[in-house]
Amino acid sequence: MKANIIIALMFVAFLGLNDELLTMSGKIVDVNGNAVQGAVLVIDKSTSSTSTGPDGEFRIRYFSQGKPVVVGVRRLGFETIKVEVSDDD
C-alpha cells in the first residue's frame, strides 16, 4: 500500500504577469507532517521540474501561461498526485 503525500505550498510566490518567469516554492510532507526528501515535482505541459531537498523544500521556476498550472508530485513508495495551483493560492 502506498503512502499519501501532502503538499504544503507554503511560501508560494508568483512573480510577474502572463508569460513571465514565475517562481513557486514550498514543502512536501507526508500525512504525519514529516518532510519528504527526493520527491520530484513537474509542471504539466512544460519542461520545468525539480526535486525536494532533505527538508522537503522545493523551488521551481516556470513560464506563466496566464492560467493555473498543474503540478505533478511523485516519489517512490508514495502515491503520485497532481494539484492545480493558481496565483490566488
Side-chain angles (χ1 to χ4, degrees):
M1 182 161 114
K2 293 185 176 185
N4 291 321
I5 294 177
I6 296 176
I7 297 181
L9 289 176
M10 301 170 11
F11 315 113
V12 175
F14 289 88
L15 308 172
L17 301 172
N18 293 346
D19 297 315
E20 298 273 336
L21 184 61
L22 303 179
T23 301
M24 179 189 309
S25 60
K27 185 173 185 175
I28 305 297
V29 297
D30 64 18
V31 294
N32 298 317
N34 299 314
V36 177
Q37 178 180 2
V40 176
L41 292 89
V42 178
I43 305 288
D44 279 5
K45 300 179 183 175
S46 81
T47 58
S48 299
S49 65
T50 192
S51 60
T52 58
D55 55 3
E57 293 186 3
F58 69 90
R59 182 179 179 119
I60 188 168
R61 295 178 66 154
Y62 63 97
F63 282 98
S64 165
Q65 316 209 330
K67 55 189 170 188
V69 296
V70 176
V71 181
V73 183
R74 67 179 188 271
R75 169 86 168 67
L76 187 62
F78 289 86
E79 181 180 334
T80 299
I81 61 172
K82 290 190 175 192
V83 177
E84 186 174 284
V85 180
S86 69
D87 58 357
D88 295 333
D89 293 335

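Position 1 is the first residue of the sequence, and the numbers go up from there.
Here the closest heavy-atom approach between residue Gln37 and residue Arg75 is recorded as O-NE, 2.5 Å. Of all non-hydrogen atoms in Phe58 and Met24, the two that sit nearest each other are CE1-O, 3.9 Å. The two atoms that bring Asn32 and Asp30 nearest to each other are N-OD1, 2.9 Å, heavy atoms only. Across every non-hydrogen atom of Pro68 and Glu84, the tightest pair is CB-CG, 3.6 Å. Taking each heavy atom of Ser49 and Val42 in turn, the nearest pair found is CB-CG2, 3.9 Å. When every heavy atom of Pro54 is checked against every heavy atom of Ala35, the shortest pair comes out as O-CB, 4.1 Å.
Salt bridge absent: Asp55 and Lys27 never bring a charged side-chain N and a carboxylate O closer than 4.0 Å.
Lys82 is listed as a side-chain neighbour of Asp44, based on a closest heavy-atom distance under 4.5 Å.
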* Decide yes or no on side chain to side chain contact (heavy atoms under 4.5 Å, CB included) for Val40 and Val73, but give the supporting numbers first. => CA-CA 6 Å; Val40 176; Val73 183; over 6 Å; no
* Starting from the C-alpha separation in whole Å, work towards a yes-or-no answer on side chain to side chain contact (heavy atoms under 4.5 Å, CB included) for Tyr62 and Val69. => CA-CA 10 Å; Tyr62 63 97; Val69 296; 3.7 Å; yes
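Judged by distance alone, the side chain of Thr52 and the main-chain N or O of Val36 form a donor-acceptor pair under 3.5 Å.
Separation of atoms CD1 (Ile81) and CD1 (Ile28) is listed at 7.0 Å; rounding is to 0.5 Å. One finds the CD1 atom of Ile60 at 6.5 Å from the OG atom of Ser46 (value rounded to the nearest 0.5 Å).
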